[in-house]
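Read the structure below first, then the notes.
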Amino acid sequence: MTGTAEEGAAGRAAWTAARRIVVKIGSALLVDSGSGRIRSTWLNSLADDVAELQHADRQVVLVSSGAIALGRHIMKLPRGPLQLEQSQAAAAVGQITLAHSYQELFKARGLTTAQVLLTLGDTEERRRYLNARRTVDTLLAHGAIPVVNENDTVATSEIRYGDNDRLSARVASMISAECLVLLSDVDGLYTRPPGSCPDARRLDVVREITPEIEAMAGDAGTELSRGGMRTKVEAGRIALAAGTDMVIASGKVLHPLRALAEGAPCTWFLAPSDPVTAKKRWIAGQLEPRGALQIDAGAERALVAGKSLLPAGVTRVEGRFDRGDAVIIRGSGGREIGRGLVAYARDEAERIIGRKSSEIAAVLGHEGRSELVHRDDMALNRK
Ligand code: GLU
């Protein structure tokens, strides 16, 4: 499970191969607990690392906490636990400062910053998930750096993550990132609490979230584990299922991403497959199809060649599906050739099939996606 040079090399290989990387930055790293201000030397060093990655053609998405920690200081709220509406108000105040800091930092490095605020539903509900993903894809394609946080101002307890560990794992899974970096105040997962147990040992690699690994993260009930290792291990579970490798590394050093690349101590959670394979498996095997699309021979050839399914190539729709549902794609003779997530609900799909994508807006009376099923949301059967 841990320790060998080979295992360490597997982690470094995962980092080198990752093109799309999500980096989660916790409040404790970002905000000085005494002054309540942003730790700007550290954040500058992180921005250098991000710019370096960006110049090497790697895409970086930041998931940054800190809104509440900054806002409560600006609003002079008392220390100690806040009421829900107080933290929501603090988040509203702090988020502007947070976004502004990132904007300034990246502007100084010639980069554009984009603010993305998500709630639980945006990453859980497939309909909204497709939207959020396309937006982030588009930002990345334009070289912008998305800075994501939970939309704390509107998220109440039932619809809230509450921690950015799991949020960042959902984001990584949503955008099929190869790697998720959790920058933390500890440099990995230990067999026992490292603060109080001298024989605690850091794991180099975790390949599966076993009950033993869960036990190392501590119980849900203990004060120490809250928002600590437990949510990180839960993030690991989400990441591994999505084919995303995850690493818990120390953010207590300057240039933490450079340090990671240079082999700083950390714990890698290595996924058994890559994000594309994991997603195709999910689409093909785990979703109940709600309908079917019959396509023509031209569209079938296009799909086999790796293209998306356009409305023009569809001859018939069946079933009652909503946007984001899984549907069966049928080729000649009604044979199932694959499955995919459909970008339109049944009633709209029916109206646009056989039409050119340029006609969609005129037919529906509003803009829509050009594809009925995007190739990234499709799993074709093997021949
Ligand atoms: N979304 C919260 C904030 O920005 C932080 C959640 C967390 O620390 O994990 O303040």
Side-chain angles (χ1 to χ4, degrees), residues 22-33 35-39 42-43 46 61-103 105 113-124 132 145-172 174 180-186 217-218 220 223-239 246 248-252 256:
V22 175
V23 181
K24 183 256 170 177
I25 305 158
S27 303
L29 296 172
L30 199 86
V31 184
D32 181 82
S33 57
S35 68
R37 296 223 171 79
I38 291 202
R39 295 176 60 229
W42 181 82
L43 197 57
L46 179 84
V61 173
L62 299 181
V63 175
S64 180
S65 308
I68 298 172
L70 287 169
R72 69 181 297 160
H73 175 78
I74 298 168
M75 293 171 79
K76 302 193 169 47
L77 293 172
R79 281 184 181 270
L82 297 177
Q83 286 168 345
L84 178 64
E85 58 274 18
Q86 284 179 315
S87 29
Q88 292 186 311
V93 169
Q95 184 63 34
I96 299 186
T97 308
L98 193 61
H100 181 70
S101 306
Y102 281 109
Q103 189 183 38
L105 279 170
T113 309
Q115 174 180 260
V116 179
L117 297 179
L118 298 175
T119 53
L120 192 63
D122 296 320
T123 59
E124 305 271 289
I145 309 224
V147 179
V148 181
N149 197 358
E150 184 160 16
N151 194 350
D152 293 310
T153 300
V154 296
T156 53
S157 49
E158 327 71 85
I159 56 154
R160 182 155 200 268
Y161 280 101
D163 69 89
N164 280 4
D165 291 327
R166 285 174 305 161
L167 174 67
S168 63
R170 288 281 180 209
V171 168
M174 177 174 91
L180 165 64
V181 183
L182 299 183
L183 291 179
S184 167
D185 50 3
V186 285
E223 190 59 36
L224 266 180
S225 63
R226 194 178 300 154
M229 269 307 147
R230 195 179 169 83
T231 52
K232 289 184 177 50
V233 167
E234 280 172 28
R237 187 190 301 283
I238 298 167
M246 184 182 98
I248 303 176
S250 173
K252 289 216 293 210

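Atoms within a ligand are numbered from 1 in the order they appear, just like the ligands themselves.
Listed by first then second residue, pairs satisfying side chain to side chain donor-acceptor pair (under 3.5 Å) with a partner in residues 92-101 read Q95-Q115, Q95-N149, not counting sequence neighbours.
For the salt bridge (Lys or Arg N to Asp or Glu O under 4.0 Å) test with E234, the passing option among R230, K232, R237 is R230; the others fail.
Checked against side chain to side chain contact (heavy atoms under 4.5 Å, CB included), V116 has the following partners two or more places apart in sequence or in another chain: L118, L139, P146, V148. The side chain to side chain contact (heavy atoms under 4.5 Å, CB included) check on D32 picks up S35, R39, with sequence neighbours excluded.
A 6.0 Å sphere centred on CD1 of I74 holds more than 12 heavy atoms belonging to other residues, nucleotides or ligands.
In this structure, the side chain of R72 engages the main chain of P78 through a donor-acceptor pair within 3.5 Å.
At a heavy-atom cutoff of 4.0 Å, ligand 1 is surrounded by S27, S65, G66, A67, I68, N149, D152, G162, D163, N164.
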